[in-house]
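Just below is one structure, and these are the notes that go with it.
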There are 2 protein chains.
Amino acid sequence: MDLSSFFPYRLAVLAEAVSQSVALVYGSRFALSREEWRVIAALADKGVMRNVHMVDYTTLDKMQVSRAVARLETKGMIAREPDPEDGRGHVLRILPAGRALVRKIVPMVLAREQFLLADLDDAERAVLDRVLAKVMARAKALGEQG
Amino acid sequence: MDLSSFFPYRLAVLAEAVSQSVALVYGSRFALSREEWRVIAALADKGVMRNVHMVDYTTLDKMQVSRAVARLETKGMIAREPDPEDGRGHVLRILPAGRALVRKIVPMVLAREQFLLADLDDAERAVLDRVLAKVMARAKALGEQG
DNA sequence: TATTGTTATACTCTATAACTATA
DNA sequence: TATAGTTATAGAGTATAACAATA
């Protein structure tokens with residue numbers, strides 16, 4: 001059992017390092033939590049989104065979304081309105097201030113992504129893409145059975 | 001900015017799912033924390049190890065190692081002796097009970113690793129191995145510059 | 001002065017569930 | 001009965017630094 005060649009360990013260490021390098025941008029420079037970043041990035045992409053859908057899209061749970069939304073609302077980045085089609089739900093909308101914030105962050109995180117992948121050629125990128133999907137499917141299967 | 005195709009996001013979600021599937025073994029079935037698992041797995045591999053080296057090897061910080069070691073010692077899994085070559089340090093040694101525990105866990109986590117990677121052919125595994133190393137090197141570079 | 005390792009503290013995060021309102 | 005969402009709370013985890021012992 002050699003930790004350094006154990007795939008789940010290598011993946012965890014890598015993901016932590018990668019996450020941290022991105023969090024340095026949205027966190028340290030723009031004072032967003034990981035949850036706030038995911039919610040506002042999703043909203044910047046979609047413009048408007050039901051709260052329910054946000055839970056799936058960000059792979060956060062409903063409490064994390066609830067709190068991130070509350071904070072982003074306080075900061076004036078997003079607005080939350082009752083869903084006219086379902087009295088229980090809410091519709092989230094990005095506000096100009098939120099869009100301006102995301103417009104500052106996105107180029108920086110995309111630049112980091114490019115830097116991280118810069119050593120990979122096209123073939124390696126294609127395999128990486130496929131491998132992430134395949135392993136994710138397997139991990140989901142494991143998660144469902146326990 | 002589409003989260004679902006953003007590499008750091010995909011990596012984080014995958015690593016979380018993979019970690020959880022492994023934690024289900026050492027955590028739920030054998031009551032070890034992630035930190036304890038890393039420390040005892042390292043010790044099972046090396047037999048004896050200086051505390052200082054454990055920090056590097058497990059990519060945990062010194063407090064996490066300190067606490068994991070204390071708990072494993074209480075459980076009778078490992079022993080901690082003063083380092084004869086450095087009065088400040090300690091040498092960690094795995095005990096029979098610890099070795100027996102690791103012998104039960106290792107086949108189960110290796111089986112999970114094989115399951116996770118089962119859809120990948122040899123070429124894909126080789127690329128995955130190379131890609132993890134390349135991206136890790138890049139992430140370290142980013143981490144060092146900030 | 002610097003390093004090893006432990007402890008203290010405050011803070012954040014997380015998990016569980018209780019709860020309201022609506023379907 | 002089930003779902004959307006908020007709130008409460010307790011436990012775990014985290015970061016920072018202070019600290020003692022040794023180098």
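Naming convention: chains lettered A, B, ... in sequence-line order (proteins, then strands); numbering from 1 in each chain. These numbers come from a predicted model, not from an experiment.
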Inset, instruction - Send over the distance from Leu32(A) CG to dT12(C) P, rounded to a whole Å. - result: 16 Å
Inset, instruction - Please name the residue in the list Val25(B), Leu32(B), Leu24(B) that meets the side chain to side chain contact (heavy atoms under 4.5 Å, CB included) test with Ser28(B). - result: Leu24(B)
Inset, instruction - Check every atom of dT6(D), dG5(D), dA23(C) against the side chain of Arg88(A) and return the nucleotide holding the closest atom. - result: dA23(C)
Inset, instruction - I would like to know whether Thr59(A) and Arg38(A) meet side-chain hydrogen bond (donor to acceptor under 3.5 Å, both in side chains); could you show each step before the answer? - result: CA-CA 9 Å; Thr59(A) 65; Arg38(A) 285 195 187 173; 3.2 Å; yes
Legend entry - Separation of atom NE2 in His53(B) from atom C1' in dT4(C), rounded to whole Å: 16 Å
Legend entry - Earlier contact from the 5' end, DNA chain C, for Glu85(A) and Met63(A): Met63(A)
Inset, instruction - May I ask you to test the Arg71(B)-Ser33(B) pair for a side-chain heavy-atom distance under 4.5 Å? - result: yes
Inset, instruction - For Val55(B) and for Arg67(B), find the nucleotide of DNA chain C with the closest heavy atom, then tell me which residue's nucleotide is more 5'. - result: Val55(B)
Legend entry - Gln64(B) vs dT14(D): side-chain N/O to OP1/OP2 distance below 4.0 Å: yes
Inset, instruction - Output yes when Arg67(B) and Glu35(B) qualify as a salt bridge under the 4.0 Å nitrogen-oxygen rule, no when they do not. - result: no
Inset, instruction - Grab the CD-C1' distance between Glu35(B) and dA15(D) for me, whole Å please. - result: 14 Å
Inset, instruction - Report which part of the nucleic acid Asn51(B) touches: base, sugar-phosphate, or nothing (heavy-atom distance under 4.0 Å, all strands). - result: sugar-phosphate
Inset, instruction - Nearest whole angstrom, please: distance from the P of dT14(D) to the CD of Gln20(A). - result: 13 Å
Inset, instruction - Would you please confirm or rule out a distance under 4.0 Å between OP1 or OP2 of dT6(C) and any side-chain N or O of Ser66(B)? - result: yes
Inset, instruction - Starting at atom CG of Leu60(B), determine the distance to atom P of dA15(D), rounded to an integer number of angstrom. - result: 11 Å
Legend entry - Euclidean distance, atom CD of residue Glu81(B) to atom P of dT4(C) [Å, nearest integer]: 19 Å
Inset, instruction - Provide, to the nearest angstrom, the distance between the CE atom belonging to Met49(B) and the P atom belonging to dT4(C). - result: 14 Å
Inset, instruction - Could you check whether the rings of Trp37(A) and Phe6(B) sit parallel, tilted or perpendicular, using 30° and 60° as the cut-offs? - result: perpendicular
Legend entry - Rounded distance (Å) that lies between atom P of dT6(C) and atom NZ of Lys62(B): 10 Å
Inset, instruction - Would you indicate which nucleotide in dG5(D), dT22(D), dT6(D) comes nearest to any side-chain atom of Arg80(A)? - result: dT6(D)
